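Okay, so here's the structure we're looking at.
If you're wondering where the values come from, they're calculated on a predicted model, not measured in any experiment.
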Amino acid sequence: MSPFDYTHVLTSAVEELSDSQSFRGLFHCFREGDPLPSGKSLERIVELARAILFPGYFGNSIVNSQTIGYHIGVNVEELFGLLTDQIQAGLCFGAENTGPGASGVPPCREQAAQLAAQFIAALPEIRQVLATDVEAAYYGDPAATCFGEIICCYPVIRAVTNYRIAHQLYELNVPLIPRIITEMAHSEVGIDIHPGAKIGHHFTIDHGTGVVIGATCIIGNHVKLYQGVTLGAKSFPLDEEGNPIKGIPRHPILEDEVIVYSNATILGRITIGKGATIGGNIWVTESVPAGAKIVQRK
């Protein structure tokens with residue numbers, strides 16, 4: 001019995017995998033100085049941002065009131081350098097995939113540094129909003145014993161922290177990186193929030209696993225969701241060539257003080273009015289008036 005010809009098999013596989021038709025749309029062609037954003041670096045960026053936003057809970061646990069300025073300063077310095085690198089990589093990726101901007105000037109280090117500085121300048125405001133999210137989780141759960149438990153243990157805080165970081169970068173028109181950051185939280189805690197969604201203060205998700213919030217969702221203040229809730233799109237309008245039309249509002253609007261219970265599915269550009277309650281396991285595709293209670297009929 002003749003030996004198996006491994007060389008022939010491997011060579012054939014390499015030739016097929018190297019055929020340009022096989023990787024069309026799947027190949028990122030590296031150019032010197034234009035790497036893709038690094039998942040490992042972005043993980044470190046999220047760690048640093050969490051440590052800055054929640055000192056003592058994330059990052060260095062021995063920080064105290066006398067050393068907090070030093071620790072935050074060190075973290076901000078590292079964050080600025082890493083974020084500048086990653087934003088520059090994201091801008092290069094965006095330029096390659098969407099074409100050059102109106103000026104035709106390729107992304108540069110200075111542009112990335114300016115965006116990184118703008119992001120860091122927004123961190124105090126992000127912290128203020130996250131503080132309201134912690135409050136909402138605490139006062140909305142009788143089982144919670146203190147704010148520290150919420151920050152340390154509750155998946156909503158990790159997911160919403162990533163979302164609010166990513167949303168700020170999204171608002172600065174940084175390509176790719178915001179989506180990577182929210183997908184990190186999705187992998188970590190099972191909560192999928194698109195960075196383009198707009199979410200007000202005092203937002204919470206009880207338990208959290210399986211929640212999906214689409215890109216064009218608008219969520220007001222003091223809104224509470226439970227596990228398994230989907231705020232999605234009902235349909236995808238197509239252009240003349242049959243391709244999905246991008247960027248149009250297609251996800252729900254939830255006004256202030258709305259509560260949506262577990263496994264409810266709300267689809268399309270509809271409005272759930274202020275103070276409305278959506279019961280569990282409900283399929284909602286029409287707008288709901290303010291103060292209404294939508295539940296399953298027996």
Each residue besides [X] in its hydrophobic cluster should be listed here, by chain and number; the cluster joins Ile, Leu, Val, Met, Phe, Trp and Tyr at side-chain heavy-atom distances under 4.5 Å.
| X | result |
| --- | --- |
| W283 | L267 |
| V212 | none |
| Y70 | V74 |

Drop me the distance from N162's CG to I191's CD1, to the nearest 0.5 angstrom.
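Answer rounded to 0.5 Å: 10.5 Å.
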Which residues pass the salt bridge (Lys or Arg N to Asp or Glu O under 4.0 Å) test with [X], sequence neighbours left out?
| X | value |
| --- | --- |
| R250 | none |
| D85 | R109 |
| R127 | none |
| E183 | R179 |

Check this for me, if you would: do E47 and R50 make a salt bridge, where the nitrogen-to-carboxylate-oxygen distance has to be below 4.0 angstrom?
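No.
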Going by an N to O cut-off under 4.0 Å, is there a salt bridge joining E257 and K224?
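Here E257 does not pair with K224 in a salt bridge, since their nearest N and O are not under 4.0 Å apart.
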For residues 284-293, please give each side-chain donor-acceptor pair under 3.5 Å, one per line with the distance, not counting sequence neighbours.
unit_1, atom_1, unit_2, atom_2, d
S287, OG, T271, N, 3.0

side-chain hydrogen bond (donor to acceptor under 3.5 Å, both in side chains) partners of residues 195-205, not counting sequence neighbours, each pair once
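Applying side-chain hydrogen bond (donor to acceptor under 3.5 Å, both in side chains) to every pair that reaches into residues 195-205, excluding sequence neighbours, yields E135-H202, H201-N221.
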By ring-ring contact (aromatic ring centres under 6.0 Å, His included) - contacts of H207 (at least two apart):
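Result, ring-ring contact (aromatic ring centres under 6.0 Å, His included) vs H207: none returned.
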Using a 3.5 Å distance criterion without hydrogens, assess whether the side chain of H167 forms a donor-acceptor pair with backbone atoms of P195.
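Side chain of H167 to backbone of P195, a donor-acceptor pair under 3.5 Å: yes, one is there.
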With sequence neighbours excluded, give me every ring-ring contact (aromatic ring centres under 6.0 Å, His included) pair touching residues 169-189.
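Output for this query is empty, none listed.
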For a quick test of your reading: what N or O donor-acceptor pairs under 3.5 Å do the side chains of residues 148-161 make, sequence neighbours left out?
unit_1, atom_1, unit_2, atom_2, d
E149, OE1, T145, N, 2.7
E149, OE1, T145, OG1, 2.5
Y154, OH, D141, OD2, 2.7
R158, NH1, E188, OE2, 3.1
T161, OG1, I157, O, 2.6

